[in-house]
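Inspection log for the structure reproduced underneath, given as C-alpha cells.
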Amino acid sequence: PVLLEVCWENGEARYVEGTEVDNGPCEGAEELVWPTSQVPFAVAAYAPGGQDILPPGAPGREALDSAIRDINQQIGCATMRASADPLSAAMVAHLGEAVDVLPRRMGGGATKAPIGWAYHNRSDSGGHVSLRCNLHVRSNIGSLRGEYLVAHHELLHCLGLAHDPDNPASAIYPFTEDDTMWDTMQAARITDADRARLRALYCED
C-alpha cells in the first residue's frame, strides 16, 4: 500500500506493516489519513535529552527544517510548517534520542533502536478527531546529510506513507545504518505515486 494501514488501540496506532514498528494484522485496519483541518502540519522539535525546544532555524534542527522544505517542494504545496510549540504541534521531532529509545511494542525481540522511527496517536474530543506523530532521529549518524535523509524519511511516515521496499530510489525505502546511502543517494525523492496520493489528500488544487 502507498499509505500505512493501522488499527487504533486506546488512541495508539497499531501498524499492520510498512514502518519500523510492524505489529502485524489487526481487525478493522484502515489507511492512515490526517484530518485536513490540521493542514499544514506544524512540526516542532526537541534537542537531545528532550528538554530544550529548538525553534525554527535554530542550530541542531537544520536537517529537519531542510527536510520540511524539500518535502513541501516535491509535493507541490505546504503540507508542513516549522513550529516552536511542541504542545500544539501535529508532529514532534525528538532529535538525538533514537539511539537509546526503542519504539513501544517493537516486535521481533529487537534490542537496538533503529536510526529513526515514528509513531502516531489519535484523540477524539467531542467528535473532533486529531492525529499526532512523534518522530525520532539519531544525532550521531555521522553527517548532516544522513540526519536530513532520516528526518525526511520519518516525516513521510508521519504524513502516512508506508515503506516502498521494492524501490531503492524512493525516499521511503527502508534502510539501515549499515547502508551506504549517505554517499550514494543523490536526493530524497518522493515517487510519483506517493506524491499524487499526498497531493490528493492534503493539497488544495
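Residue numbers start at 1 and run along the sequence shown.
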- Any chance CG of N10 has more than 12 other-residue heavy atoms, nucleotides or ligands included, within less than 6.0 Å?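 No, the 6.0 Å shell around CG holds no more than 12 heavy atoms from other groups.
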- Query: Any chance CD of E30 has more than 12 other-residue heavy atoms, nucleotides or ligands included, within less than 6.0 Å?
  - Reply: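 Result for CD/E30: enclosed.
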When you measure from the side chain of [X] to the backbone of [Y], do you find a donor-acceptor pair of N or O atoms at a distance under 3.5 Å?
| X | Y | answer |
| --- | --- | --- |
| R189 | S170 | no |
| H157 | L161 | yes |
| S125 | H128 | no |
| R14 | V6 | no |
| D22 | G24 | no |

Could you tell me the separation between the [atom1] atom of [X] and the [atom2] atom of [Y], rounded to the nearest 0.5 Å?
| X | Y | atom1 | atom2 | answer |
| --- | --- | --- | --- | --- |
| I172 | D164 | CD1 | CG | 8.5 Å |
| E147 | I115 | CD | CD1 | 11.0 Å |
| L64 | M91 | CG | CE | 10.5 Å |
| Q38 | S130 | CD | OG | 5.0 Å |
| M80 | R69 | CE | CZ | 11.5 Å |
| L155 | L135 | CG | CG | 5.5 Å |

- State plainly whether the residues R132 and E12 are in salt-bridge range, i.e. N to O under 4.0 Å.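 No salt bridge links R132 with E12.
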- Message: With side-chain contact (heavy atoms from CB on, under 4.5 Å) as the criterion, how do I68 and R81 come out once you've worked through the C-alpha distance, each side chain's angles and the decisive distance to 0.1 Å?
- Response: CA-CA 7 Å; I68 292 170; R81 62 178 179 83; 5.9 Å; no
Heavy-atom check, side chain of [X] versus side chain of [Y], under 4.5 Å:
| X | Y | answer |
| --- | --- | --- |
| E154 | H136 | no |
| H120 | L4 | yes |
| Y202 | V33 | yes |
| C203 | I75 | yes |

For the residue pair [X] and [Y], what are the closest heavy atoms and their distance?
| X | Y | result |
| --- | --- | --- |
| A82 | R61 | CB-NH2, 3.4 Å |
| A42 | S83 | CB-CB, 3.8 Å |
| A171 | L156 | CB-CD1, 3.7 Å |
| V16 | A29 | CG2-CB, 3.8 Å |
| C133 | A118 | SG-CB, 3.9 Å |
| I53 | A84 | CG2-O, 3.5 Å |

- Message: Applying side chain to side chain donor-acceptor pair (under 3.5 Å) to Y173 and D166, what does each step give before you reach the verdict?
- Response: CA-CA 8 Å; Y173 180 77; D166 299 321; over 6 Å; no
- Task: Look at the rings of H153 and H163 and say which category their plane angle falls in: under 30° parallel, 30 to 60° tilted, over 60° perpendicular.
- Result: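 Judged by the thresholds at 30° and 60°, the geometry between H153 and H163 is tilted.
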- Item | F41 and W34 aromatic ring geometry - parallel, tilted or perpendicular at 30°/60° bounds |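 Ring orientation, 0 to 90° scale: tilted.
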- Y119 vs Y15, ring-ring contact (aromatic ring centres under 6.0 Å, His included): CA-CA, chis, key distance, verdict: CA-CA 9 Å; Y119 67 92; Y15 302 97; 8.4 Å; no
- Query: Between R197 and E31, is a salt bridge (Lys or Arg N to Asp or Glu O under 4.0 Å) present by the stated rule, with each step listed?
  - Reply: CA-CA 12 Å; R197 190 66 189 277; E31 290 184 323; 2.7 Å; yes
- Message: Using the rule given for side-chain contact (heavy atoms from CB on, under 4.5 Å), can you reason through Y46 versus V92, listing the C-alpha separation, both sets of side-chain angles and the distance that settles it, and then say yes or no?
- Response: CA-CA 8 Å; Y46 283 111; V92 179; 3.8 Å; yes
- Given side-chain contact (heavy atoms from CB on, under 4.5 Å), test D192 with R195 step by step and report yes or no. CA-CA 5 Å; D192 292 342; R195 181 185 302 108; 2.7 Å; yes
- Query: What do the steps show when you test R199 against E204 for side-chain contact (heavy atoms from CB on, under 4.5 Å), and what is the final call?
  - Reply: CA-CA 8 Å; R199 282 192 59 83; E204 294 183 2; over 6 Å; no
- Query: So which of L159, L3, L131 actually passes side chain to side chain contact (heavy atoms under 4.5 Å, CB included) with L32?
  - Reply: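 With L32 as partner, side chain to side chain contact (heavy atoms under 4.5 Å, CB included) holds for just one option, L131.
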